[in-house]
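Everything on this sheet refers to the single structure shown next.
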Amino acid sequence: MKVTPTIRAELEQYLKQEGLSMMEFGHIAGMNRGIVSSIVSGNKSMSVNQIDRITEAMGLPEGYFYDLFIENYIIDTPPNMRRIEPFLYRCAELDKLDAIRRVVGTIMDNLLYSPKLFDMAEVLLAQGRHDAALLFYEGVAETEKYQHSERLAICQYRMFTIQVGDDQSRNLKAATLFEPYIERLDEMDQLDALKDLANVYRSLRKWDKVEEMARQMRGKAEVQYSIKHQQKNRKNREHEKETRNPLFGYIAYADLLCASVCEAQGDYQQALQYTYAYADLDWVKEDDEDTKQWVNLFSQWAVGNTYVYKLLSGEISLLNDYVEYIATTSAANENEKLSKLLNVIIAANQFSIDVDNILKRFETLIATFSQQPSSDDMYTQQVIPDYIAWFGYELGFYYLYRGKYIDGFKYLMNAMVKSHIINNETYFINCMGLFVRFQAHAVPETKAEYFNFIERVWENNVQKNGTFSHCG
């Protein structure tokens with residue numbers, strides 16, 4: 001039978017090895033002799049603070065004894081949250097995720113600990129310690145999976161938002177797993193969840209799901225907006241949970257999402273009708289400054305998208321007006337200019353328009369589009385990276401078909417790299433096909449870059465999926 005070592009034994013051996021008395025060691029560790037004696041004798045359990053002091057005094061790395069702490073004081077002993085809670089927070093600080101996983105797995109057989117671990121997860125999430133928080137949410141979700149509770153739904157929502165990242169295949173899995181829990185959320189949380197899901201599905205170009213989420217969001221938002229403005233209910237709703245954005249905004253955003261669905265389907269006339277709907281917000285009852293800012297924002301989006309849908313419908317005479325509109329867009333939001341210039345390139349490719357002068361005008365801005373945006377907003381996290389890859393492909397397409405091969409291959413390769421990062425197979429395959437179409441015009445260095453990149457992608461895919469290359 002294997003005997004588990006103890007921190008007490010490790011400390012006792014260290015004192016003998018270094019020839020230190022308990023008083024001397026206590027002075028080094030900032031602990032009195034009586035505490036050191038009680039620890040060595042086994043008469044006293046240890047706190048995480050004492051373990052950290054002992055570890056530092058022994059010249060060992062932070063967290064060195066954490067696995068032993070779990071063995072000695074948590075596993076096979078009645079859980080003591082007064083000891084466990086500070087230990088878990090400290091593990092999160094040191095990014096000791098395996099230790100958190102072991103502790104959570106040990107104590108989560110008991111439903112009584114779910115509320116405490118959920119509260120801890122919320123604290124860690126607010127601190128930006130997302131990886132650690134995810135382990136807590138997963139533990140609570142696993143324990144409460146048969147409870148059909150709102151806390152379970154919130155855990156699933158938090159897990160979804162934490163897990164959504166660069167990899168679009170993983171994002172699809174995260175969205176699919178979370179979607180069934182929406183109805184268990186608080187009514188206000190449902191609106192934010194539907195908006196987040198819609199933006200993830202939008203980046204994945206799952207237009208049927210975007211439309212489904214948008215229609216659900218609009219219906220729920222209309223109900224809540226109507227209730228909010230019923231005079232008899234106003235006082236009763238003063239302390240209810242708020243949404244991230246004004247309630248009316250979810251109704252308007254649903255129309256914007258439906259317009260994007262119609263755009264993807266090539267139905268620009270219907271897209272215009274949805275755009276006119278969210279441009280006309282005279283029905284909004286609030287008149288505070290926040291409301292005015294949001295109404296103005298939707299109005300700006302409507303102006304730009306009206307240009308786009310008419311342009312893509314074939315009204316190419318509007319191109320110069322649209323470009324001037326882009327130029328006046330606030331410099332504070334370059335992501336908006338990215339999507340607008342993308343529309344210019346799409347129109348240029350669709351109707352064979354020469355836009356060299358426009359690209360020259362915005363060349364400094366275009367050079368920044370390869371940068372990954374940083375934001376907690378799901379649109380910026382998911383839709384903008386998708387636009388960056390799409391923009392590179394369209395620009396590569398534009399230059400290659402006009403015989404400007406150096407520029408064409410440069411943007412095409414950038415699009416391939418970005419498509420690989422976000423794991424968008426459609427864009428990646430389109431980029432490969434376009435390269436093959438024009439490879440006869442590629443210089444040897446460009447061909448070498450392309451084939452080296454394809455080989456690296458293949459090797460990474462082999463390694464990631466656990467397959468093998470049949471090499472000796």
Side-chain angles (χ1 to χ4, degrees), residues 101 104-105 108-109 111 113-115 117-119 121-122 124-125 130-131 133-224 227 240-245 247 250-251 253-254 256-258 260-261 264 376-379 381-383 386 422-425:
R101 192 176 287 108
V104 171
M108 285 310 296
D109 287 340
L111 270 171
Y113 297 110
S114 285
L117 289 192
F118 176 79
D119 290 342
E122 295 284 86
L124 292 172
L125 184 67
H130 293 176
D131 291 340
L134 179 61
L135 297 177
F136 285 79
Y137 289 125
E138 288 176 341
V140 175
E142 177 62 24
T143 301
E144 298 199 0
K145 61 184 178 182
Y146 300 118
Q147 302 304 308
H148 303 285
S149 64
E150 183 182 343
R151 182 163 55 231
L152 171 61
I154 295 174
C155 283
Q156 294 291 345
Y157 188 14
R158 301 286 192 263
M159 289 158 59
F160 162 69
T161 55
I162 291 172
Q163 290 173 324
V164 167
D166 290 337
D167 190 328
Q168 290 194 337
S169 64
R170 290 186 60 191
N171 294 347
L172 177 58
K173 180 179 179 182
T176 303
L177 289 174
F178 166 58
E179 190 178 327
Y181 293 91
I182 289 178
E183 292 296 330
R184 302 187 198 177
L185 290 169
D186 175 271
E187 288 88 348
M188 297 305 185
D189 283 337
Q190 287 182 28
L191 296 177
D192 288 320
L194 287 165
K195 184 178 179 181
D196 288 342
L197 269 173
N199 279 322
V200 170
Y201 284 131
R202 188 178 178 185
S203 71
L204 296 168
R205 310 187 74 72
K206 301 289 185 182
W207 299 113
D208 57 334
K209 298 301 293 184
V210 174
E211 184 174 16
E212 180 184 345
M213 298 301 104
R215 293 192 182 283
Q216 286 187 39
M217 181 172 68
R218 181 188 180 93
K220 292 176 183 294
E222 286 177 336
V223 169
Q224 293 303 319
I227 294 174
E240 285 196 7
K241 184 179 293 186
E242 294 291 331
T243 49
R244 287 199 300 259
N245 305 128
L247 262 179
Y250 296 88
I251 301 172
Y253 197 74
L256 187 150
L257 288 170
C258 287
S260 69
V261 173
D376 292 333
D377 175 71
M378 198 65 74
Y379 173 86
Q381 277 187 14
Q382 298 304 311
V383 178
D386 180 75
I422 66 177
N423 199 15
N424 188 309
E425 294 181 0

*asked:* Would the distance check show the side chain of Thr143 and the main-chain N or O of Met108 forming a donor-acceptor pair, the cut-off being under 3.5 Å?
replied: yes

*Report yes if the side chains of Glu144 and Cys155 come closer than 4.5 Å at any heavy-atom pair, otherwise no.*
no

*Main-chain N/O of Asp166 paired with Asn171 side-chain donor or acceptor, under 3.5 Å*: no

_Test item: Leu134 and Met159 side chains (from C-beta on) under 4.5 Å apart, heavy atoms_ = yes

*Taking all heavy atoms of Ala198 and all of Val210, pick out the closest pair and write down the distance.*
O-CG2, 3.8 Å

*Does some side-chain heavy atom of Leu197 sit less than 4.5 Å from a side-chain heavy atom of Ile182?*
yes

*Hey, what do you get for CD (Glu222) to CE (Met217), rounding to the nearest 0.5 Å?*
11.0 Å

*asked:* Quick one: does any side-chain atom of Gln168 pair with a main-chain N or O of Leu204 as donor and acceptor, under 3.5 Å?
replied: no

*Determine whether Glu242 and Met188 make a side-chain contact, defined as any pair of heavy atoms from C-beta on separated by less than 4.5 Å.*
no

*Where is the tightest heavy-atom contact between Ser203 and Asp386, given as atom of each residue plus distance?*
O-OD1, 3.2 Å

*Any side-chain heavy atom of Lys173 sitting closer than 4.5 Å to one from Gln163?*
no

*Quick one: do Trp207 and Tyr201 satisfy side chain to side chain contact (heavy atoms under 4.5 Å, CB included)? Show the steps, please.*
CA-CA 7 Å; Trp207 299 113; Tyr201 284 131; over 6 Å; no

_Value rounded to 0.5 Å, distance of CG in Leu117 from CZ in Arg151_ = 10.0 Å

*Within a strict 4.5 Å, meaning less than it, do heavy atoms of the Arg244 and Tyr250 side chains meet?*
yes

*Hey, does Glu179 have a side-chain heavy atom less than 4.5 Å from the side chain of Met213?*
yes

_We want to know whether Thr243 and Asn245 form a side-chain donor-acceptor pair, criterion being a heavy-atom distance below 3.5 angstrom._
no

*Do you know the tightest heavy-atom contact between Ile251 and Ala221?*
CG1-CB, 3.6 Å

*asked:* Would Arg101 and Glu138 count as a salt bridge (Lys or Arg N to Asp or Glu O under 4.0 Å) here? Give the steps.
replied: CA-CA 10 Å; Arg101 192 176 287 108; Glu138 288 176 341; 5.9 Å; no

*Heavy-atom side-chain proximity of Leu191 to Leu247 below 4.5 angstrom*: yes

*Step through the shown structure and confirm whether more than 12 heavy atoms of other residues, nucleotides or ligands are within 6.0 Å of CD on Glu150.*
yes

*Tyr157: what forms a ring-ring contact (aromatic ring centres under 6.0 Å, His included) with it, not counting sequence neighbours?*
Phe178

